[in-house]
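Just below is one structure, and these are the notes that go with it.
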There are 4 protein chains.
Amino acid sequence: MNEKQETKYQLILDAAFEQMKENGFEKASVSQIVKRAGVAQGTFYLYFDSKSAIVPAIAERILCEQIDVVRNEVRDGDDILSIVRVLIDQTFALTDKHREVIKFCYSGIAYYDSFQRWEDIYRPYYEWVELKLQEAMEKKEIPSLSVLSYQAKLIIGIIEQSAETYYLASDPTKEENVDIYKEELFQFIKRALS
Amino acid sequence: MNEKQETKYQLILDAAFEQMKENGFEKASVSQIVKRAGVAQGTFYLYFDSKSAIVPAIAERILCEQIDVVRNEVRDGDDILSIVRVLIDQTFALTDKHREVIKFCYSGIAYYDSFQRWEDIYRPYYEWVELKLQEAMEKKEIPSLSVLSYQAKLIIGIIEQSAETYYLASDPTKEENVDIYKEELFQFIKRALS
Amino acid sequence: MNEKQETKYQLILDAAFEQMKENGFEKASVSQIVKRAGVAQGTFYLYFDSKSAIVPAIAERILCEQIDVVRNEVRDGDDILSIVRVLIDQTFALTDKHREVIKFCYSGIAYYDSFQRWEDIYRPYYEWVELKLQEAMEKKEIPSLSVLSYQAKLIIGIIEQSAETYYLASDPTKEENVDIYKEELFQFIKRALS
Amino acid sequence: MNEKQETKYQLILDAAFEQMKENGFEKASVSQIVKRAGVAQGTFYLYFDSKSAIVPAIAERILCEQIDVVRNEVRDGDDILSIVRVLIDQTFALTDKHREVIKFCYSGIAYYDSFQRWEDIYRPYYEWVELKLQEAMEKKEIPSLSVLSYQAKLIIGIIEQSAETYYLASDPTKEENVDIYKEELFQFIKRALS
DNA sequence: TATGAATGAGGGTTCATTCAT
DNA sequence: TATGAATGAACCCTCATTCAT
């Protein structure tokens, strides 16, 4: 039962994701989405209150992929700076991959009444990074920091911001610089953690 | 008669420009545009084949403003590096000013089947820069370069690209760096012209 | 089992009744009704063939309330004219109380193909009044009447009709006249029973 | 040009009027209305802001019919009491004729934000009655009344209210009483004008 | 019996585009 | 050239009804 629910929700979300990736938010019609998903028009509204309600769901989907991918790259016992490198690499990679969708996700934030939804989406990510900071502190890799939850948010924030700044402009010819850019970012965070 | 044409065309273009600046491309309706322009619905289609045909016209309009402004800042006899500085400053200023519109102009390129239209729009700009390079060469400010038209395109290209990379990301907190960024760009071009 | 059926049926009917009282027939959606009733969407269709099938059920419900209330007010041995007074008072009271619902119940008659359903609903009411007439005849309160069942229908009919005429017009300012109106009605029936 | 506009507006209004007369407001769909009117879906919205915007238009239409019919029945030089008789007769006749539509017109008043629209619709009617009162006063048929515009509104108001009270209940069997009812109403106004 | 996810026709409305004037 | 009424497809969304469980 639960699995079938998952399936329909995922079908719609996947279809919406692809459709919006190709045509942007405005031009991706609900009827195209449901046709692509192979479900009825009304089914869409069983899972989403409105067309725009899909925006945070897509954001969540991207972030989940991000968390999965990061977790897969990190081994138990990795030092915090290696983890930061992974965070940077994967955030840049996913921002690059999902460029088009991220663009309207972020402008979509404005539409959304409450920060709460976004907080909910990010919470597991924040908590995982916070945990890693905690472990690093216990292993004396980094000094004792006052409020770890804030530190986690700051690190995630600066990495995402940098990736978006880099990729959301449409020109991909300067990608030679991305390594330098990422190195600068890494050094910044490294210093911030000393 | 010609003047009246100019007038109607300009009225519509101005209205479209403002409307799209405020609401984006999709949400700016033709009926809003014509109302703002003070012309009839059908008149729109005397000057534009379709709603999306306005996109290159807006690009042209911005570029014309760019050319005008650059020409006003440049005096006869200015050396080529001063001119490059003007190009950089004005390109950055206009990209900043027209951020919103430029965003969909560039995504609009994709819609358009042929590069030809964009080539046409840019041609006078390219030619003017090419002329300046020519003069600089004759005045021995720069060495003898093989294909001047390519050099002009490269210079314009790299400046626009940089400005867009800088401004089209939404975060305005890093604006302190713009001068450094521009200086790097200038040095790059300067070396390229030695 | 029977009791549980009763319960679900009543839950749905009550919910429908309230919902339609508040929003009218068209705007009361089945999904709102089942939510209010605390049952599943499909359960509705176990008890009602369609949304409009609820209309005669509501009529029945009102009429049942009517019969109950009348029976409670009437004592064994009451003379027929006292009973007529009770009928008038209670019919007017219930028509007043359920104004909104009665309005679309009566326009709903049009939807319904057969009078049969309405006949079925009214039968117990008719029979009870007929019984009372029978008793009155035996006690010589009224003369010997030919077809008692018709007399019963006529009496119930004229009372309901009068109450609806009085209340279904929205203007409540003339309510001072209700007693005169009811008295006229009573006299009419009284004469008809002599 | 003006005539064609009249035509389309009238076509839609007529179709809406008939459709709503037959099915009520909710069940009369815009698509049915435009089909009946023989115009395109979008054309509806050239003349009405929304489906509910048709409600005051229908009210206006009925009132216009009312004014026309009254003017045709009244001769120059008729005394004011004859005119009042005509007003009563015609108001009752039209309320009877348009029962169904009037029902939701009046509940539709609630939906409408401003009294202004209704004031505008009624103004010509008010003014015509006021004029007749003015003439009656000059001919000494009635005593000198203070604010004629108020008197006009009161007379129109009481007649409409009475007609609606009488007809909006669905039962037509008591129409024998209508003449008495109207006579009472006439006497009331007659006394009010002495 | 009871569920509730799924359906899809139909709702009101918008809007790019056309065409007779 | 200029108009703007007219078009109708497509938009997002609702809801009575069905059906596999």
[X] has an atom [atom1]; how far is it from atom [atom2] of [N], in whole Å?
X       : N      : atom1 : atom2 : answer
A:Lys27 : E:dC15 : NZ    : P     : 14 Å
C:Glu26 : F:dT14 : CD    : C1'   : 13 Å
D:Ile12 : E:dG12 : CD1   : C1'   : 15 Å
B:Lys51 : E:dT18 : NZ    : P     : 15 Å
C:Ile33 : F:dT14 : CD1   : P     : 17 Å
B:Phe48 : E:dC15 : CZ    : C1'   : 18 Å
A:Leu11 : E:dA6  : CG    : C1'   : 13 Å
D:Gln10 : F:dA6  : CD    : P     : 13 Å

Go through [options] for me and flag the one nearest to the [X] side chain.
X       : options                : answer
D:Val39 : F:dT7, F:dA16, F:dC13  : F:dT7
A:Gln41 : E:dC15, E:dT14, E:dG8  : E:dG8
D:Ser50 : E:dT17, E:dT13, F:dC11 : E:dT13
C:Ser29 : F:dA16, E:dG4, E:dG12  : F:dA16
B:Val30 : F:dC15, E:dT17, F:dC13 : E:dT17
C:Leu46 : E:dT17, E:dA2, F:dA16  : E:dA2
C:Tyr45 : E:dT7, E:dT17, F:dA16  : F:dA16

* According to the Watson-Crick and G-U wobble definitions, with both distances under 3.5 Å, which nucleotide is paired to E:dT13? -> F:dA10
* Considering every strand shown, what is the Watson-Crick or G-U wobble mate of E:dA20 when both distances are under 3.5 Å? -> F:dT3
* Is a side-chain donor or acceptor of C:Lys8 paired with a backbone partner of C:Ala37 at a separation under 3.5 angstrom? -> no
* **D:Glu22 backbone acceptor or donor facing D:Lys27 side chain under 3.5 Å** => no
* Is the closest basic N to carboxylate O distance between D:Arg61 and D:Asp14 below 4.0 Å? ->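 A salt bridge is present here (some side-chain N lies under 4.0 Å from a carboxylate O).
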* Within less than 4.0 Å of OP1 or OP2 of F:dT3, is there a side-chain N or O belonging to B:Lys8? ->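 For B:Lys8, the contact criterion (side-chain N or O under 4.0 Å from OP1 or OP2 of F:dT3) is met.
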* Asked: Is the phosphate of F:dA5, meaning OP1 or OP2, less than 4.0 Å from a side-chain N or O of D:Tyr47?
  ->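 Result: no.
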* Close side-chain approach of B:Met20 and B:Ile54, heavy atoms under 4.5 Å -> yes
* To do: For the residue pair D:Val34 and D:Ile12, establish whether any side-chain heavy-atom pair is separated by less than 4.5 Å.
  => no
* Asked: Which residue lies toward the 5' end of DNA chain F, A:Gln32 or B:Phe44, if each is placed at its nearest nucleotide?
  ->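 Its nearest nucleotide being more 5', the pick is B:Phe44.
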* Asked: At under 4.0 Å between heavy atoms, what does D:Thr43 touch on the DNA or RNA strands: base, sugar-phosphate, or nothing?
  -> base
* Using the ring of each side chain (for Trp, its six-membered ring), is D:Tyr9 parallel, tilted or perpendicular to D:Phe48, with breaks at 30° and 60°? -> parallel
* Asked: When you match C:Ala40 and A:Gly38 each to their closest nucleotide on DNA chain E, which lands nearer the 5' end?
  ->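 Nearest nucleotide further toward 5': that of C:Ala40.
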